[in-house]
Amino acid sequence: MQLSQQQQLVIRLGNKDKTVIAELYDRYGDTLYGIILRIVQQEEIAKDVLQEAFVKIWKNGPSYDATRGTLFTWMLNICRNTAIDKTRSANYRRRSSIGEITDHLMNDHNHSYETKPELIGLTQEVNKLQDKYREIIELIYFKGYTQQEVTEKLNLPLGTVMSRVRIGLRELKKVFLSDQVHLLLLLSSLAEQLFPITFLLTG
Amino acid sequence: MMSKKEFLNTGLLEQYVLGLTESEESQIVEQHLDLYPELRNEVFSMQNALEEYAKQYAIATPSGLKSNILNEIDRLDDFSEGGHHISDNSSRMGYSWSTWVGYAALALITLGYFYQTNRLKSTQDKLEYQVAALETCNDNIAELEKSQAIYAFLSMPSTQAVTLSGTANAPQASSWVYWNEEEQNAYVNLGSLPQPPQDKQYQIWADVEGKMISVGLLDEQRTELQQISYIANAESLNVTLEPIGGSEEPTVSLLYVNGKVEGKG
């Protein structure tokens with residue numbers, strides 16, 4: 001997504017323009033839902049979490065600080081925290097393996113999960129990332145494990161976990177961001193620093 | 001502040017990107033991002049990479065959820081401009097004239113609301129202050145009334161001032177009791193009784209037909225008159241030193257001051 005489009009969304013969110021919520025939902029809803037489902041494992045709970053999260057996104061829109069990180073990251077953090085809170089409430093029973101959920105959904109033909117064309121290329125990309133890095137990033141980023149919890153789950157020393165996080169993210173960047181895109185981002189942000197008003201107006 | 005290399009070696013940047021840093025660590029990262037602004041690009045590019053990665057796990061949301069969310073947000077916001085409800089027509093990006101009027105009206109209402117709330121708050125503050133002042137006033141009046149009552153009592157002709165003189169235990173000490181049969185009331189002025197030890201306190205007794213009856217436990221700390229019990233037919237008043245909390249019978253060897261009560265006997 002182009003930077004100017006993202007800025008538009010941020011401005012509209014900050015101005016409490018309600019139409020932006022529908023757009024954010026269209027763009028990110030499926031991605032966020034997928035992550036939430038991986039954490040809470042149950043569809044009914046995942047629906048509640050996504051709804052609560054979007055309401056929080058709406059309410060806290062004006063407090064999102066674009067210099068701190070991307071809009072998606074901010075929204076993901078809200079979703080992840082809400083999901084984790086739900087798992088800690090009483091009467092929640094965690095299912096042990098994540099395989100249950102994804103297998104179930106992959107067999108469900110109502111979900112176009114398998115056939116999204118843009119995803120097929122991505123799956124190939126991800127396989128380039130070594131398992132040992134992917135494993136840790138998934139536990140932390142998508143399931144909200146702390147590094148300490150990761151050491152316990154994978155039976156690894158904390159130092160190893162931390163270094164795999166670092167290297168994993170570097171590798172991830174290489175895999176997903178081609179040089180051109182990287183250069184474009186760099187140029188855009190440079191330009192943004194020099195001509196912030198222009199960007200705001202031309203949107 | 002660390003050098004760029006040192007900072008990158010800490011791994012804090014990656015933890016920040018993943019949302020793992022606590023507020024102090026986040027602050028450290030942000031300080032270094034201010035110092036090395038090119039590192040912000042690192043943050044953004046790592047987050048974008050994660051976003052692309054996350055997309056592969058996208059699962060289609062259940063139908064109906066989107067409208068539930070939009071409806072809830074619609075309900076939440078009472079300030080929505082008339083008729084401007086969220087629809088699925090998310091391709092609209094422009095602003096119409098009516099939207100601006102709506103926003104202007106909203107701004108005015110919001111301003112007005114805050115102005116009113118502010119006024120209300122300062123009125124409330126004033127009221128609270130006045131109530132507190134009034135309460136202090138009432139306290140002062142109560143104190144005054146108490147003093148006036150005591151003064152009036154002392155001035156009564158029927159009030160007898162009984163001087164209690166020191167014994168061998170405290171030859172220089174003296175106290176006074178204001179004894180009133182008509183009012184059935186009495187006050188004691190501790191006078192120059194010496195400071196009692198920590199575990200003891202003074203107790204005052206009335207001698208009634210040879211029997212010693214306690215009429216009060218005295219608080220050495222208090223400087224004003226202390227009220228004690230009036231007992232009829234008291235022949236003398238006696239102050240002894242007793243353990244804290246008093247005794248059933250006076251410790252006669254620790255008699256400090258005493259005095260004779262004039263009167264009908």
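Every chain is numbered from 1 and lettered A, B, ... according to where its sequence line falls, protein lines coming before strand lines. Given the structure is predicted, the values throughout are model-derived calculations rather than measurements. Below, each value reflects all heavy atoms present in this structure, side chains not excepted, and no hydrogens, waters or symmetry copies.
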Taking atom [atom1] as the centre, does [X] end up with more than 12 heavy-atom neighbours from other residues, nucleotides or ligands that are less than 6.0 angstrom away?
{"X": "Glu22(B)", "atom1": "CD", "value": "no"}
{"X": "Asp65(A)", "atom1": "CG", "value": "yes"}
{"X": "Glu24(B)", "atom1": "CD", "value": "no"}
{"X": "Gln184(B)", "atom1": "CD", "value": "yes"}

Taking every non-hydrogen atom, the tightest pair across [X] and [Y]:
{"X": "Ile21(A)", "Y": "Ile73(B)", "answer": "CG2-CD1, 3.7 Å"}
{"X": "Gly29(A)", "Y": "Thr61(B)", "answer": "O-CG2, 3.7 Å"}
{"X": "Leu50(B)", "Y": "Phe142(A)", "answer": "O-CZ, 4.5 Å"}
{"X": "Lys173(A)", "Y": "Ser45(B)", "answer": "CD-OG, 3.3 Å"}
{"X": "Leu172(A)", "Y": "Ala49(B)", "answer": "O-CB, 3.9 Å"}
{"X": "Phe44(B)", "Y": "Ala66(A)", "answer": "CZ-O, 3.1 Å"}

Exercise for the section: For residues Trp58(A) and Glu72(B), determine if any side-chain heavy atom of one lies less than 4.5 Å from a side-chain heavy atom of the other. Expected result: no
Problem - Any side-chain heavy-atom pair of Phe54(A) and Lys66(B) under 4.5 Å - result: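 The answer is no; the side chains never approach within 4.5 Å.
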Problem - chain A contact via Asp34(B) - which portion, at a heavy-atom distance below 4.5 Å - result: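 For Asp34(B), there is no contact with chain A at all, as no heavy atom is under 4.5 Å.
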Practice task
Using non-hydrogen atoms and a 4.5 Å limit, figure out which bit of Leu8(B) sits close to chain A: side chain, backbone, both or neither.
Solution key: both
Problem - Gln47(B) (side chain) donor-acceptor with Gly69(A) (main chain) under 3.5 angstrom - result: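 No, the answer is negative, given that no donor and acceptor are paired below the 3.5 Å cut-off.
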Looking at [atom1] of [X] and [atom2] of [Y], how far apart are the two atoms once the value is rounded to the nearest 0.5 Å?
{"X": "Arg166(A)", "Y": "Thr10(B)", "atom1": "CZ", "atom2": "OG1", "result": "7.5 Å"}
{"X": "Lys55(B)", "Y": "Phe72(A)", "atom1": "NZ", "atom2": "CZ", "result": "8.5 Å"}
{"X": "Leu76(A)", "Y": "Glu51(B)", "atom1": "CG", "atom2": "CD", "result": "9.0 Å"}
{"X": "Ile57(A)", "Y": "Ile69(B)", "atom1": "CD1", "atom2": "CD1", "result": "8.5 Å"}

Report which part of [X] has an atom under 4.5 Å of a heavy atom belonging to chain B: side chain, backbone, both, or neither.
{"X": "Arg80(A)", "result": "side chain"}
{"X": "Ala53(A)", "result": "neither"}
{"X": "Leu50(A)", "result": "both"}
{"X": "Tyr25(A)", "result": "side chain"}

Practice task
Scan for salt bridge (charged side-chain N to carboxylate O under 4.0 Å, His left out) pairs involving residues 46-57 of chain A, sequence neighbours excluded, and state none if there are none.
Solution key: Glu44(A)-Lys47(A), Glu52(A)-Lys86(A)
Exercise for the section: Go through the steps to decide whether Ile167(A) and Glu14(B) satisfy the test side chain to side chain contact (heavy atoms under 4.5 Å, CB included), and finish with yes or no. Expected result: CA-CA 9 Å; Ile167(A) 300 171; Glu14(B) 285 78 14; over 6 Å; no
Practice task
Before giving the answer on side chain to side chain contact (heavy atoms under 4.5 Å, CB included), spell out for Leu169(A) and Leu18(B) the whole-Å C-alpha distance, their side-chain angles and the decisive distance to 0.1 Å.
Solution key: CA-CA 9 Å; Leu169(A) 281 173; Leu18(B) 288 168; 4.0 Å; yes
Practice task
Just jot down the side-chain contact (heavy atoms from CB on, under 4.5 Å) partners of Thr251(B), sequence neighbours excluded, or say none.
Solution key: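 If we apply the side-chain contact (heavy atoms from CB on, under 4.5 Å) test to Thr251(B), skipping adjacent residues, the hits are Glu242(B), Ser253(B), Leu254(B).
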Exercise for the section: Tell me, with the steps shown, if Arg134(A) and Tyr53(B) meet side chain to side chain contact (heavy atoms under 4.5 Å, CB included). Expected result: CA-CA 10 Å; Arg134(A) 187 150 52 100; Tyr53(B) 180 40; 2.7 Å; yes
Exercise for the section: Could you walk me through whether Gln15(B) and Ile140(A) pass the side chain to side chain contact (heavy atoms under 4.5 Å, CB included) test, one step at a time? Expected result: CA-CA 10 Å; Gln15(B) 285 169 254; Ile140(A) 294 176; over 6 Å; no
Problem - Max heavy-atom pair count under 4.5 Å with chain B, selected residue of Gln51(A), Lys59(A), Lys16(A) - result: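 Greatest number of close heavy-atom pairs with chain B: Gln51(A).
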